[in-house]
Amino acid sequence: MRLDNMLLAEGVSGPEKGGGSAAAAAAAAASGGVGADNSAEHSDYRAKLSQIRQIYHTELEKYEQACNEFTTHVMNLLREQSRTRPISPKEIERMVGIIHRKFSSIQMQLKQSTCEAVMILRSRFLDARRKRRNFNKQATEILNEYFYSHLSNPYPSEEAKEELAKKCSITVSQVSNWFGNKRIRYKKNIGKFQEEANMYAARTAVNAASVSAHGSQANSPSTPNSAGGYPSPCYQPDRRIQ
DNA sequence: TAATATGATTGAAT
DNA sequence: ATTCAATCATATTA
């Protein structure tokens, strides 16, 4: 029953040609991706989907036909036998029921394998990994700035993530992905990121300096820790990710 | 074109 | 639910 719903949703078992566009729209919505989309890839996807759909329909029809043929055959057989021995209509009904059950279980298998094919197609074409684009320069700047100024605890809260997402014009989950990747890759070898770390630390230090110079009193509101002296070191032998 | 960088997904652990 | 670690699929660089 689930399978039926799914096939219907994918437009496989729906109406002939109209279903395709509906499924396509659903797929596009599910991919959630950017506005400037496909055309080439998407039509490919649709072509494959309709191929699946065609196979499904022909198979289904074949099964139905076979089922009908078989039942009539059995009925004829029973009728034949009814001349030599009495056969109750109940018995006939029972036989027909058995046949139908058998064939519907076969149909189930067909539906299942069709579902599988659709799922594979989906993961093949709609996987966001295939359409990966790098974030623009300033977005990564913003993210890196946050990361290196919170190096001792680079876990932005939900609100912070939302803010970053807005600033970078990406989604919150993209922010989460970015921080996940950054944390693990930074930890994996700190040496490779040393330059970057120093650079951002220096930048925030300069920022703080200019702010304090412009203002009246020395203060560092947005840099709870790290960020040592202005000039150079900023080595952080400190422990990082817990 | 090989090597590396990077965003996304998956599965396990918590 | 969130994070980590590994991995995938693509992008970028050397």
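Here is the naming used below: chain letters follow the sequence lines, and residue numbers restart at 1 for every chain.
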side-chain contact (heavy atoms from CB on, under 4.5 Å) between A:Tyr148 and A:Lys182, worked out: CA-CA 10 Å; A:Tyr148 286 112; A:Lys182 191 72 182 183; 3.7 Å; yes
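Look at A:Lys131 and you won't find any side-chain N or O under 4.0 angstrom from OP1 or OP2 of C:dA11. For A:Lys187, a side-chain nitrogen or oxygen approaches OP1 or OP2 of C:dA5 to under 4.0 Å. Look at A:Gln174 and you'll find a side-chain N or O under 4.0 angstrom from OP1 or OP2 of B:dA8. Applying the 4.0 Å criterion to OP1 and OP2 of C:dT10, one finds that A:Arg133 has every side-chain N and O outside that range.
With hydrogens and angles ignored, no donor-acceptor pair closer than 3.5 Å exists between the side chain of A:Asp127 and the base of C:dA9. A donor and an acceptor atom sit less than 3.5 Å apart, one in the side chain of A:Arg185 and one in the base of B:dG7. For A:Arg130 against C:dT10, a side-chain-to-base donor-acceptor contact under 3.5 Å is absent.
The aromatic rings of A:Phe70 and A:His73 sit tilted, their planes meeting at an angle between 30° and 60°. Using bins of under 30°, 30° to 60° and over 60° for the plane-to-plane angle, the ring pair A:Phe147/A:Tyr186 lands in the perpendicular bin.
Comparing atom distances between the A:Tyr155 side chain and each of C:dC4, C:dA5, C:dA11 picks out C:dC4 as nearest. Between C:dT10, B:dA8, C:dA5, one nucleotide has an atom nearer to the side chain of A:Arg129 than all others, and that is B:dA8. Of the candidate nucleotides C:dC4, B:dA8, B:dT6, B:dT6 has the atom nearest to the side chain of A:Arg132. Here the nucleotide nearest the side chain of A:Asn134, chosen from B:dA8, C:dC4, C:dA11, is C:dA11.
Judged by closest nucleotide on DNA chain C, A:Lys161 is the one of A:Lys161 and A:Lys188 placed further toward the 5' end. Between A:Glu158 and A:Asn181, it is A:Glu158 whose nearest contact on DNA chain C lies nearer the 5' terminus.
Atom CG of A:Asn189 is separated from atom P of C:dA6 by 13 Å (rounded to the nearest Å). One atom, CG of A:Leu126, and another, P of B:dT9, lie 11 Å apart when rounded to the nearest Å. Protein atom CD1 of A:Ile184 is 7 Å distant from nucleotide atom P of C:dA6, rounded to whole Å. Nucleotide B:dA8 holds its C1' atom 18 Å from the CZ atom of A:Phe125, rounded to whole Å. Between the CD atom of A:Glu195 and the P atom of B:dA5 there is a distance of 12 Å, rounded to whole Å. Atom CZ of A:Phe193 and atom C1' of B:dT6 are 10 Å apart (whole Å). B:dA5 atom P lies 16 Å from atom OH of A:Tyr186, rounded to whole Å. At whole-Å resolution of the value, CG in A:Asn177 and C1' in C:dA5 are 14 Å apart.
Pairing each heavy atom of A:Arg122 with each of A:Tyr45, the nearest pair is CG-OH, 3.7 Å.
Atom CE of A:Met119 has 12 or fewer heavy atoms from other residues, nucleotides or ligands within 6.0 Å.
Heavy atoms of A:Phe179 sit nowhere under 4.0 angstrom from any nucleic acid atom.
Taking a cutoff of 4.0 Å between a charged side-chain nitrogen and a carboxylate oxygen, A:Glu145 and A:Lys167 do not qualify as a salt bridge.
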